[in-house]
Participant: 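Right, I'll just put the structure down here and ask away after.
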Number of protein chains: 2
Amino acid sequence: MQTQPVLINGQWIESTGTQTFQAVNPATAETLEPQFPVSPWDEIESVVQAAAAASKEMRGWTGERFAAFLESYAEEIEKQADALVEAANLETGYPESPRLRDGELPRTTNQLRQAASHAREGSWAQPTIDTGTGIGSLFGPIGPVTVFGPNNFPFAFNSIAGGDFAAAVAAGNPVIAKGHSSHPKTTQIFAEAADAAAKATNMPNGFVQLIYRTSHADGCRLVSHPLMGAIGYTGGRSAGLTIKEAADKAGKPVYLELSSINPVFVLPEALAERSAEIAEEFKGSCLMGTGQFCTNPGLVALKAGAAADTFIEQVKEKFEAAPAGILLGEGVQKGFLSGIAAIQSAGATLVTGGSASDNPGFSCANTLLKVSASQFLENPEALQEEAFGNASLFILANSDEELAQIAECLEGNLTGCIYSHTDGKDDALYDQIAPALRQKVGRLLNDKMPTGVAVSPAMNHGGPFPSTGHPVFTSVGIPAAIHRFSMLQCYDNIRPHRLPESLKPKNPNPDMWRYIDGMYTQSDYDA
Amino acid sequence: MQTQPVLINGQWIESTGTQTFQAVNPATAETLEPQFPVSPWDEIESVVQAAAAASKEMRGWTGERFAAFLESYAEEIEKQADALVEAANLETGYPESPRLRDGELPRTTNQLRQAASHAREGSWAQPTIDTGTGIGSLFGPIGPVTVFGPNNFPFAFNSIAGGDFAAAVAAGNPVIAKGHSSHPKTTQIFAEAADAAAKATNMPNGFVQLIYRTSHADGCRLVSHPLMGAIGYTGGRSAGLTIKEAADKAGKPVYLELSSINPVFVLPEALAERSAEIAEEFKGSCLMGTGQFCTNPGLVALKAGAAADTFIEQVKEKFEAAPAGILLGEGVQKGFLSGIAAIQSAGATLVTGGSASDNPGFSCANTLLKVSASQFLENPEALQEEAFGNASLFILANSDEELAQIAECLEGNLTGCIYSHTDGKDDALYDQIAPALRQKVGRLLNDKMPTGVAVSPAMNHGGPFPSTGHPVFTSVGIPAAIHRFSMLQCYDNIRPHRLPESLKPKNPNPDMWRYIDGMYTQSDYDA
């Protein structure tokens, strides 16, 4: 049987690779047709060359060209909604509704359109002008961007349709998409839509390209290729750190979004006030999508005592009553079980779950563990192991000081949350914990679970290492996410007619903000 | 003889190290008193612990506190001007006037005061608010910052007084300064002034600390310490890449400013128009400070022919007539000569100079080399070797295409410059070269040599690897330089009274710009 073609330099061509792979339906464990190729190095090299040629051809293009593509692409995706939802349902086990059709798909097209709007508007590039010295600067494209998408968001983080893709294109770059092996058909449908949009909007041939899989060694070679501009990676920690090491060594900017256990502190008076309500909210957040969210609350710190015991009991009942969802694949299931085992080896005990469920397909029982704060503080690294899926660990502290110490010894996380009493009865303890937690997380929350990431300018879907590779950047939230795929370009004494339009005296787009002589303005300036 | 003390946790204490070093006067090759210590690991560990404690103590402080320190420090430096100039003159061979007293010193205090002004004003942190979702974000402090200063700017890039120091403090961080071994006395005087200012403004003990030297292994251990926030490094490529590898592995943000050869293209009609004028300008730029600038023009691309020969002859005469300046040390002199030898081995021929001069101290003859474009294009890596000092390489191209190809195969550089005919006669060729050069450099110039880096918001003293470690950031130019030492901090559903002042409805400083619902404004917003 022939394998599916790869998208290289504007053409769907047969891969020269001899190895193939197939997706598996995680709800049934059945292998899905068709077969997809593992691309060999010579094929990858031709992808990079085509991307570099596209990058060269697009030098100096205004944001309008990229905006037109992104908007056309959003429309093409909407035409393929049925096919996308069907493929993703088979490949991920996520329900068609509400998750795929009503949740991720509109979020994906919304991200593309937001990126289009910002590419056209231009403020994201932060045009900065010092009229006294005649110096101007802005953020410009970096060159070919390779995007590695994760398994858990087949649409919104897809390597050829998700947030990194949208941001890389908005910055003016070609994208090499490395599809996730768990949902190749979904990715193929996106790539067909992207290709149609690229042709409709006259983009260069190497502007959007897709390969499905590479060897690990070729993945490292790809990200460290001399012609590579930057890399976006969302996924597991181990593979991510391998990519990071290769990119770092080659001096390539690499933006990672890795694992995170998203600590939640429920303070004593909050528990006394609204234990059942918080238990329900926690259950909803932790089991949503079978816990397969980057912002899944995997660690809950409580003050030990009767209230905590009641809370744990409430959550346990809810976890046992809720259906065990489907995990994304056999690898996820194995990783989940070995994570649970590692947490137990480090001293935690099982409250419920902890083993595979009897469901067909890949599924594990909803799982809770608990450990004392003193044990956690003795072995914090092992007890921060991520068990990606429907599990969470309670930590029981014997004092306020222990709660604060937990915050101090956390690894970097995407989010951290503190629930406190409505009328301020926990405020003194809050003030002990929050400043420490603030430095460990990208997004600090109050009284709200961390799942649910709004795509808006103030969002930070980032955080200190190892939750990401760099704490200055966010992968969600436009315009900030766009910067990652740019370079700062300064113009010193450049003759006026040669300046980019955004730096000329007349503001080419009256909606665009510029930072002129230390003030933000939409006005023109005097030459 | 006792060694000089190190500044740890607010005290000048004797180092426990047994190894010592002394500076050398590069103008005379004489060893200078006194002796300075190499700090052993236990001492470095205590420095990191003290910095982490300071970082913890300063959590939540407003910019005003850091501004007050920076301004007090600038005044303390001015009180020590005579001592600083005298020490730096002995340790670097730079003339007291104009270089040290009238150039670098006021630039340094100006940088500190600019950083103070921005720390107080607050716009650098980019407070961003989405009123619809109740989410806000800003850039906050990252934690202890280690700064490695270079040998070539004893004041303006000094690890305890220069641009990285000012930026790290403005972002709200403690600084661990690792002085450059070539000018320890200068650094000591700065540290005394910094310590006085820190005490006068009630900063924590571990806020500013100084060690003079570490082993290479301990330097790597320092930058990868779990309590480290970020690292700023300015200096040579080899040591910089070692620091980068250690920091990258530990997931620590590391900002490097490394070597750069700063290509200059002089187009044919510009040469026909004003050869003598450009030759004079080039000589001034290339020999300034004995060529020991990060932005020294080390590569000049010309179209081969009679005009190029005349130009080279003009420059050669000027180089031979100009005194051979002093290099910063024996290591710099050796590196310069081995760089020149490597460029010759790669096919270039000597036009003038190329050997040590007869001057006392460390000095080499003003040096020029040349090579054909075809040779350069065959061996571009070896011919982009930096010979740090008073040298430059001419590349002679036989066609417009070859000139453009040179631009395409350049490594990342801080700057790139194109001289063209005043009336546009070179414009077609400019358009072939500039787009390629744009992607290879942080700052593009027209008709002006790259030395001279204005400290203003639009400046970019950065560029693609290997000139720096990340093309999004600049080390000169406030407020942009401050971001490097920060992390993005998002507040989601945080109770209003717990928000940082900058994110509350009322703008605490009417001069501060905030990005609210997609618009820059200095106004308040409705809760």
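Every chain is numbered from 1, with letters handed out A, B, ... down the list of sequences. Predicted model, so just to flag it, every value in this text is computed and none were measured. The basis for the numbers below is simple: all heavy atoms, side chains too, and nothing from hydrogens, waters or symmetry mates.
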Participant: Which atom names give the shortest non-hydrogen contact between B:Ser259 and B:Arg237, and what distance separates them?
Facilitator: OG-NE, 3.2 Å
Participant: Pick from B:Glu121, B:Arg484, B:Arg498: which one has the most heavy-atom pairs with chain A under 4.5 Å?
Facilitator: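 Of B:Glu121, B:Arg484, B:Arg498, B:Arg498 has the most heavy-atom pairs under 4.5 Å with chain A.
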Participant: Is it the backbone or the side chain of B:Thr415 that comes under 4.5 Å from a heavy atom of chain A, or both, or neither?
Facilitator: neither
Participant: Under a 4.5 Å cutoff for heavy-atom pairs, which residue among B:Lys56, B:Arg443, B:Lys244 has the most contacts with chain A?
Facilitator: B:Arg443
Participant: Chain A: which of B:Gly229, B:Gly143, B:Ser420, B:Ser55 shares the most heavy-atom pairs with it under 4.5 Å?
Facilitator: B:Ser420
Participant: Please flag which part of A:Thr468 lies under 4.5 Å from any non-hydrogen atom of chain B: side chain, backbone, both or neither.
Facilitator: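 No part of A:Thr468 comes within 4.5 Å of chain B.
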Participant: For chain B, which candidate among A:Tyr520, A:Tyr430, A:Tyr515 shows the most heavy-atom pairs at distances under 4.5 Å?
Facilitator: A:Tyr520
Participant: With only heavy atoms counted, which part of B:Ala250 is less than 4.5 Å from chain A, the side chain, the backbone, both or neither?
Facilitator: backbone
Participant: Among B:Phe139, B:Trp513, B:Phe465, which residue has the highest count of heavy-atom pairs closer than 4.5 Å to chain A?
Facilitator: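 Result: the option with the highest number of such pairs is B:Trp513.
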Participant: State whether A:Arg495 and B:Asp447 are salt-bridged, where the test is any N-O pair (Lys NZ or Arg NE/NH1/NH2 against Asp/Glu carboxylate O) under 4.0 Å.
Facilitator: yes
Participant: Where on B:Ser456 is there a heavy atom nearer than 4.5 Å to chain A: the side chain, the backbone, both, or neither?
Facilitator: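 Backbone plus side chain of B:Ser456, per the 4.5 Å heavy-atom cut-off to chain A.
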Participant: Could you look at B:Pro127 and say if it's the side chain, the backbone, both or neither that has a heavy atom under 4.5 Å from chain A?
Facilitator: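 The answer is neither part of B:Pro127.
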Participant: Of all of A:His461, A:Met459, A:Gln522, which one pairs up most often with chain B through heavy atoms under 4.5 Å apart?
Facilitator: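 It is A:Met459.
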Participant: Which region of A:Arg59, side chain (C-beta onward) or backbone (N, CA, C, O), has a non-hydrogen atom less than 4.5 Å from a non-hydrogen atom of chain B, or is it both or neither?
Facilitator: side chain
Participant: Among the options B:Pro466, B:Ala436, B:Gly132, B:Gly518, pick out the one with the most heavy-atom pairs lying under 4.5 Å from chain A.
Facilitator: B:Ala436
Participant: Which one, B:His118, B:Gln126, B:Glu408, leads in non-hydrogen pairs under 4.5 Å with chain A?
Facilitator: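 Looking at each of B:His118, B:Gln126, B:Glu408 in turn, B:Glu408 comes out on top.
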Participant: Please state whether the side chain, the backbone, both or neither of B:Pro435 comes within less than 4.5 Å of a heavy atom of chain A.
Facilitator: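 The answer is both parts of B:Pro435.
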Participant: State whether B:Tyr491 and A:Arg438 meet the cation-pi test: NZ (Lys) or CZ (Arg) under 6.0 Å from the six-membered ring centroid, and within 45° of the perpendicular axis.
Facilitator: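 Positive - A:Arg438 is close enough to the ring of B:Tyr491 and near enough to its axis.
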Participant: Can a donor-acceptor pair be found, under 3.5 Å and without considering hydrogens, that links the side chain of A:Arg514 to the backbone of A:Ser502?
Facilitator: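 Between the backbone of A:Ser502 and the side chain of A:Arg514 there is a qualifying donor-acceptor contact (under 3.5 Å).
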Participant: Under 4.5 Å heavy-atom distance to chain B, tell me which part of A:Pro226 shows up: side chain, backbone, both or neither.
Facilitator: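 Contact with chain B involves no heavy atom of A:Pro226 at all.
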Participant: Would you confirm whether B:Gln439, through its side chain, and A:Pro141, through its main-chain N or O, come within 3.5 Å as a donor-acceptor pair?
Facilitator: yes
Participant: Is any side-chain heavy atom of A:Ile135 closer than 4.5 Å to one of B:Asn460?
Facilitator: no
Participant: Can you say whether B:Ile142 sits under 4.5 Å from chain A via the side chain, the backbone, both, or neither, judging by heavy atoms?
Facilitator: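 For B:Ile142, heavy atoms of backbone and side chain both lie under 4.5 Å from chain A.
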Participant: Please give me the minimum heavy-atom distance between B:Leu241 and B:Leu258, naming the atom from each residue.
Facilitator: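 Between these two residues, the closest heavy atoms are CD2-CD1, 4.0 Å.
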Participant: Taking all non-hydrogen atoms of both residues, which atom of A:Ile243 and which atom of A:Val254 are closest, and how far apart?
Facilitator: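 Of all heavy-atom pairs spanning A:Ile243 and A:Val254, the closest is CG2-CG2, 4.3 Å.
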Participant: Measure distances from A:Glu245 to the heavy atoms of chain B and classify the residue's part below 4.5 Å as side chain, backbone, both or neither.
Facilitator: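 No part of A:Glu245 comes within 4.5 Å of chain B.
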Participant: Which bit of B:His497 comes within less than 4.5 Å of chain A, counting heavy atoms only: side chain, backbone, both or neither?
Facilitator: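 Contact with chain A: side chain only.
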Participant: Are B:Asp517 and B:Tyr525 close enough that a side-chain donor and a side-chain acceptor fall under 3.5 Å?
Facilitator: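 Checked: B:Asp517/B:Tyr525 side chains show no N/O donor-acceptor pair below 3.5 Å.
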Participant: Sort A:Ala480 into side chain, backbone, both or neither according to what part of it lies under 4.5 angstrom from a heavy atom of chain B.
Facilitator: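 Neither; nothing under 4.5 Å.
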Participant: Verify the neighbour count for atom NZ of B:Lys249: are there more than 12 heavy atoms of other residues, nucleotides or ligands below 6.0 Å?
Facilitator: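 Open: at most 12 neighbouring heavy atoms sit under 6.0 Å from NZ of B:Lys249.
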Participant: Identify which part of B:Lys252 has an atom lying under 4.5 Å from any heavy atom of chain A, answering side chain, backbone, both or neither.
Facilitator: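 Neither the backbone nor the side chain of B:Lys252 comes within 4.5 Å of chain A.
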Participant: Under the 3.5 angstrom rule, does the side chain of A:Ser137 hit a backbone N or O of A:Cys490 as a donor-acceptor pair?
Facilitator: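 Side chain of A:Ser137 to backbone of A:Cys490: no pair is present.
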Participant: With rounding to the nearest 0.5 angstrom, report the CG to CG distance, A:Asn413 to A:Asn262.
Facilitator: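 The CG atom of A:Asn413 sits 5.5 Å away from the CG atom of A:Asn262.
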Participant: Look up atom SG in A:Cys417 and atom CG in A:Leu437, then write down how far apart they are to the nearest 0.5 Å.
Facilitator: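 Output value for this atom pair is 8.5 Å.
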Participant: Side chain from CB out, backbone as N, CA, C, O: work out which of these in A:His483 comes under 4.5 Å of a heavy atom of chain B, or both, or neither.
Facilitator: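 Only the backbone of A:His483 comes within 4.5 Å of chain B.
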